[in-house]
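Below: the structure, in structure tokens.
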Protein chains: 2
Amino acid sequence: MDQKNFMDEFMKAANQDLTPKQAKILQAAVEIFAEKGYAATSTSEIAKRAGVAEGTIFRHYKTKKDLLISIVSPIIIEFAVPLFAERFINEVFQDQRLDDFEDLLRKIIRNRYQFVKNNVPLLKIFFQEMAFHAEIQEKFSAVFTEKVLPQFIKVVNHFKQNGQIGDFPTETVIRLTINAIVGFFITRFLVMPDYPWDDEKEMEYTIQFIRNGLKGI
Amino acid sequence: MDQKNFMDEFMKAANQDLTPKQAKILQAAVEIFAEKGYAATSTSEIAKRAGVAEGTIFRHYKTKKDLLISIVSPIIIEFAVPLFAERFINEVFQDQRLDDFEDLLRKIIRNRYQFVKNNVPLLKIFFQEMAFHAEIQEKFSAVFTEKVLPQFIKVVNHFKQNGQIGDFPTETVIRLTINAIVGFFITRFLVMPDYPWDDEKEMEYTIQFIRNGLKGI
DNA sequence: TTGTGAAGTGAGTAATCACTCATTTTTTTG
DNA sequence: CAAAAAAATGAGTGATTACTCACTTCACAA
């Protein structure tokens with residue numbers, strides 16, 4: 001995916017030029033997809049909950065799958081990109097206050113925590129349907145390898161050089177870090193959303209776990 | 001996947017003799033459920049791949065959902081339980097060679113690695129369908145809280161007392177540990193199965209990551 | 001006011017769905 | 001071997017599916 005397509009997606013996501021009925025359709029689809037899964041959801045049920053005729057769905061979305069893609073695409077970009085925009089990463093190398101791995105971890109986790117908390121159903125749909133739809137996999141893969149990975153590598157190598165991260169391969173550091181962070185969110189919001197979490201504490205423990213786990217001996 | 005291992009798992013768990021056609025049905029259902037998901041799979045397609053009449057499926061399984069539960073139930077027990085059988089855990093407190101957190105981690109990860117490798121489609125179905133079927137959630141919850149959690153708590157407290165695990169809450173230690181291990185398996189076998197993994201090295205890095213991450217400073 | 005295109009409608013359609021059941025085939029048993 | 005039981009069959013069922021299309025309603029510019 002090239003830059004232009006990418007920005008198109010982003011603009012499409014940011015734009016609010018949806019008709020009221022179209023917005024209702026998206027809202028209903030997200031709710032039901034998250035509840036029962038894409039394949040188990042019928043377009044008639046979406047139309048019913050959206051308070052819309054079934055034909056209206058197909059006026060805006062060529063197929064049911066098109067509706068799914070329209071829902072999932074923005075969330076891929078919004079979840080992965082913002083914290084890894086070039087502007088932000090450059091700060092890491094220039095701003096004294098960011099030259100600490102633990103502080104960076106804290107900043108990333110706290111920022112993404114708010115985003116995840118505000119988008120649980122959308123993210124549930126993403127994780128579920130990624131397993132079965134090549135379009136979603138490809139879109140995610142493109143965003144990850146083009147936008148996230150290069151910046152992540154820069155940062156890890158930076159902290160490896162100044163000794164805050166130990167002698168692991170860079171890809172392994174990235175795997176372990178993303179897994180610890182995303183794993184926390186999945187446990188917190190999808191696996192055990194009703195557990196009496198103390199989010200502040202758990203985030204801090206997770207930060208310590210990652211920092212110590214990656215520290216050289 | 002090795003078909004022999006695969007059917008062995010079923011025989012063991014079901015503790016019941018299957019007719020050849022019934023075995024074919026299970027095998028076909030596992031394959032297609034893993035490929036396209038439970039809801040997107042039709043019973044006619046299962047029958048076709050199994051080389052069986054559609055009615056034969058319903059002679060052995062009351063409903064399509066019944067077939068799913070019959071597939072998923074054994075895997076829950078076999079994944080969670082074996083390493084936490086009382087006999088094994090008692091060894092941890094008696095056997096000198098097991099009185100090292102790192103060695104225990106290594107033993108657990110290596111054992112479960114083989115199991116996961118031999119049961120990828122089954123585990124994929126489990127993770128996917130757990131999100132939507134209360135029966136599966138309840139079965140898993142029961143096995144986890146009755147069989148796994150109590151043993152895990154014992155072990156963690158043991159290693160906290162002798163200083164190998166630092167001052168985290170026990171539940172947090174368990175969350176971080178399971179997340180690191182299961183996360184590795186999911187990344188390795190579901191998210192990026194085609195990446196040129198060096199499994200030995202990645203397991204060792206994961207062990208170091210957990211051990212250092214949980215170590216008190 | 002009127003013309004025009006977009007938005008919205010809902011009855012209609014062919015295909016497919018999970019599941020049934022009367023019947024046939026295979027296996028077990030006495 | 002014959003009778004009984006179990007396993008397997010596949011055509012048939014009503015319900016539901018994603019999607020279509022001829023039509024109506026709407027917003028708005030000329």
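Keep in mind the model is a prediction, meaning the values are calculated, not measured. So that the names make sense, note that chain A is the first sequence line, chain B the second, and so on, each numbered from 1.
Every residue two or more places apart in sequence or in another chain that forms a side-chain hydrogen bond (donor to acceptor under 3.5 Å, both in side chains) with T43(A) is listed here: E54(A). With sequence neighbours excluded, no residue forms a side-chain hydrogen bond (donor to acceptor under 3.5 Å, both in side chains) with D198(A). Y205(A) is linked by a ring-ring contact (aromatic ring centres under 6.0 Å, His included) to F168(B), counting only residues two or more places apart in sequence or in another chain. Partners of R110(A) by side-chain hydrogen bond (donor to acceptor under 3.5 Å, both in side chains), not counting sequence neighbours, listed by chain and number: E200(A). Every ring-ring contact (aromatic ring centres under 6.0 Å, His included) that F144(A) has, sequence neighbours left out, goes to F140(A). With sequence neighbours excluded, no residue satisfies side-chain hydrogen bond (donor to acceptor under 3.5 Å, both in side chains) with T19(B). Y38(B) is linked by a ring-ring contact (aromatic ring centres under 6.0 Å, His included) to F33(B), H133(B), counting only residues two or more places apart in sequence or in another chain. With sequence neighbours left out, F159(B) forms a ring-ring contact (aromatic ring centres under 6.0 Å, His included) with F101(B).
Here ring-ring contact (aromatic ring centres under 6.0 Å, His included) pairs that include residues 50-73 of chain A, with residues two or more places apart or in two chains, number zero.
Between the side chains of N179(A) and T187(B), no donor-acceptor pair is found at a separation under 3.5 Å.
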Output one line per pair: protein atom, nucleotide atom from nucleotides 4-8 of chain C, and distance, for all N/O pairs under 3.5 Å.
from   : atom 1 : to     : atom 2 : distance (Å)
dG8(C) : OP2    : T19(A) : OG1    : 3.4
dG8(C) : OP2    : H60(A) : NE2    : 2.7
dG8(C) : N7     : R59(A) : NE     : 2.8
dG8(C) : O6     : R59(A) : NH2    : 3.2

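Nucleotides of DNA chain D with any atom under 4.0 Å from a heavy atom of chain B span, from 5' to 3', dA8(D) to dG10(D).
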Protein proximity profile, nucleotides 14-20 of chain C - base contact B, sugar-phosphate-only contact S, no contact -, cut-off 4.0 Å on heavy atoms | ---SBBB

